[in-house]
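Below: the structure, in structure tokens.
All residue numbers refer to positions in the sequence shown, counting from 1. Worth saying up front: this structure is predicted, and the values here are computed from it rather than measured.
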Amino acid sequence: MAGSNSSLLVAFRIVLFCALASAATTLIPLVTRPCAYSLPRTILAATGLDPHLISCADDRSKSNAELSEGDGGNKPGTGGRPIVTDLLSCGEPDLPTHALPPFRCCPPAPASDAPATNFTFPDAGEPLRTRRPAHGATGGTDDSVARYARAVALMKALPESDPRSFYQQANIHCAYCAAAYRQAGRPELPVQIHYSWLFFPFHRAYLYFFERVAARLLGDPGFAVPFWSWDVPEGMRVPPEFADVSSPLYDPMRNPEHAPPRVVDLDFSYVEKNCTDEQQIQLNLRIMYKQMVTNAPLPSLFHGQPYRAGDRGMPGAGTVELSPHNIIHRWSGDLSRANHENMGAYYSSARDPIFYPHHANSDRLWEVWRGVGGGHADFTDPDWLDSSFLFYDEDARLVRVTVRDMLDVGRLRYTYAEVGLPWLSARPPIVTPDDGVNRGRGLPHLKSKSVRFPVSLDAAVTAEVSRRRPGKPRGQWEEVLVVEGIEADGAGFVKFDVYVNAVDYEEVGPGGREMAGSFVSLKHPGKMVVQTSMRVALNELLQDLGAEGDDSVTVTLVPVEGRVRIGGLRIVYMAE
């Protein structure tokens, strides 16, 4: 009996050893290369890794941080991981507390069981639709705002069940920004078209179909949505037709303090600035220069960070999306309402007819960016090009459109009227004297205190960030400050400013050269914490400040509104 027990004990030890060895050979590679393995959630749980953070589509996965240091997602690859939306994956949205009805954002079911048709370009013989500035569409022969008002009235008159109705058109934006759509094959991950490289192409497709529906209802194939040109002095006010209470373009849920002739503030938070119209216009032009030129030399800085299937949303917004796009939403919304509806909240913003001219101007700036400063190229990454969205066209047919379908406005048969680019000559001045030099290392009183990240941004924080410049010539890379691990209060509006080598940031102001940029976050439906990042280009800024040869820069983060936590600061060198 004793011999039998001894044999059983030896056998048990052998089995236990083999089990532990098998577990080690499985779990150790999983921890080091989780996406190279496909394992049950019970085994994933044993590693302590969140299975929602692991995308095992293939072994070519890169984190957003790695991409920001290297190609920014801009180099060609084999693709295979684009964001794809499926009508069947659309469900209940995540709405904020005290949201206003309707509470469901998904589009109606198609009339037949046929799958969505793939997008086809309009006939080259169609009239070229010219989008004109709303500020120039009063009087004369240009009646594009009046035609837009008629189109909105016709859309509002359609049954709510009609996918072409204004009700359903407004819901499209809600579905794509309030977590109603889920990633195909990953129901635990929502599709989010903000704070990533999907921002511009999605909104271009959205406007394209909205415009064609409007043209069909009007019986006017040449109709084009006017654009609200808030980047030029003539357009820096709400177009007067939108403030007419008898017009279909009027929305009672706007900030009454910002009705025309109030000049828009592209740095708005909550407190109104005490400045003249001329001062506000100059400030706006300087902000536009920063966002379109200084901070946008690379596609990942202008468009936003790569966002692929299996990723959590909101890796990082591009320059124009943060400001002035988000700022205009905030400036327009009714601050007396719980969520600053309509324009001030993502889920409701497209309920305001001014949303579409606002986004037409954002789309115009994409075309402008392509041509300024010698020209810029878009991403070539297949994961961007093959990401797709669903829309109903003017015949109420469900259409799948990809990013690559939206790159050539000529083939889409529309263009923009010229309004000038006065902000190109509004490069911000250096306001700190000190013999024209404002170097962090050269001024003892500028040196930072020791900062231990992560830190809650309850007060201004100043930190020194080291620089390790690559050996390549300066023209071959862009130095970029990364504000990483941003955790913003999703239940409120959040804004903080970023200053570089500012001796006294209170004296610089938003139009000063040392004010490098602003992070701006609107209220996010269903999100208690918005996790994202921000990037600020430094080449031109450091050149202006005479700090190109310094070993470090001094960064000051200044809270303006809302609660936010910062994970850290670092400098990367990018070439796309």
Is the backbone N or O of Trp477 less than 3.5 Å from a side-chain atom of Asn539, with the two atoms forming a donor-acceptor pair by type? yes
Among Val553, Val480, Val482, which residue meets the side chain to side chain contact (heavy atoms under 4.5 Å, CB included) test with Ile571? Val553
Centroid separation under 6.0 Å, is that true for the rings of His340 and Phe493? no
Against Phe496, only a single residue in Val461, Val558, Val520, Val564 fulfils side chain to side chain contact (heavy atoms under 4.5 Å, CB included); can you say which? Val564
If we count only N and O atoms by modelled type, under 3.5 Å, do the side chains of Asn361 and Ser229 hold a donor and an acceptor together? no
Residues passing the ring pair (Phe, Tyr, Trp, His ring centres under 6.0 Å) test with Phe202, sequence neighbours excluded, are Tyr176, Tyr206, Phe389, Phe391
Distance alone, cut at 3.5 Å: any donor-acceptor contact between the side chains of Ser466 and Ser552? no
Using the six-membered ring wherever Trp is involved, compare the ring planes of Trp384 and Trp197 and label them parallel, tilted or perpendicular (cut-offs 30° and 60°). tilted
Among Asp231, Asn284, Asp265, Asp277, whose side chain to side chain contact (heavy atoms under 4.5 Å, CB included) with Met236 holds? Asn284
Output side-chain donor-acceptor pairs under 3.5 Å for residues 369-377, partner residues at least two apart or in another chain, one line each.
residue : atom : partner : partner atom : Å
Trp369  : NE1  : Ala296  : O            : 2.8
Arg370  : NE   : Asp378  : OD2          : 2.9
Arg370  : NH1  : Glu367  : OE2          : 2.6
Arg370  : NH1  : Leu407  : O            : 2.9
Arg370  : NH2  : Asp378  : OD2          : 2.5
Arg370  : NH2  : Leu407  : O            : 3.1
His376  : ND1  : Trp369  : O            : 2.7
His376  : ND1  : Val372  : O            : 3.4

With distance as the sole test, does Asp544 use its side chain to make a donor-acceptor pair with the main-chain N or O of Pro429 at under 3.5 Å? no
Give me the ring orientation class for Phe200 and His303: parallel if the planes are under 30° apart, tilted from 30 to 60°, perpendicular past 60°. perpendicular
Student check: side-chain heavy atoms of Val403 and Asp386 closer than 4.5 Å: no
Regarding Glu257 and Asn255, do their side chains bring together a donor and an acceptor under 3.5 Å, going by distance alone? no
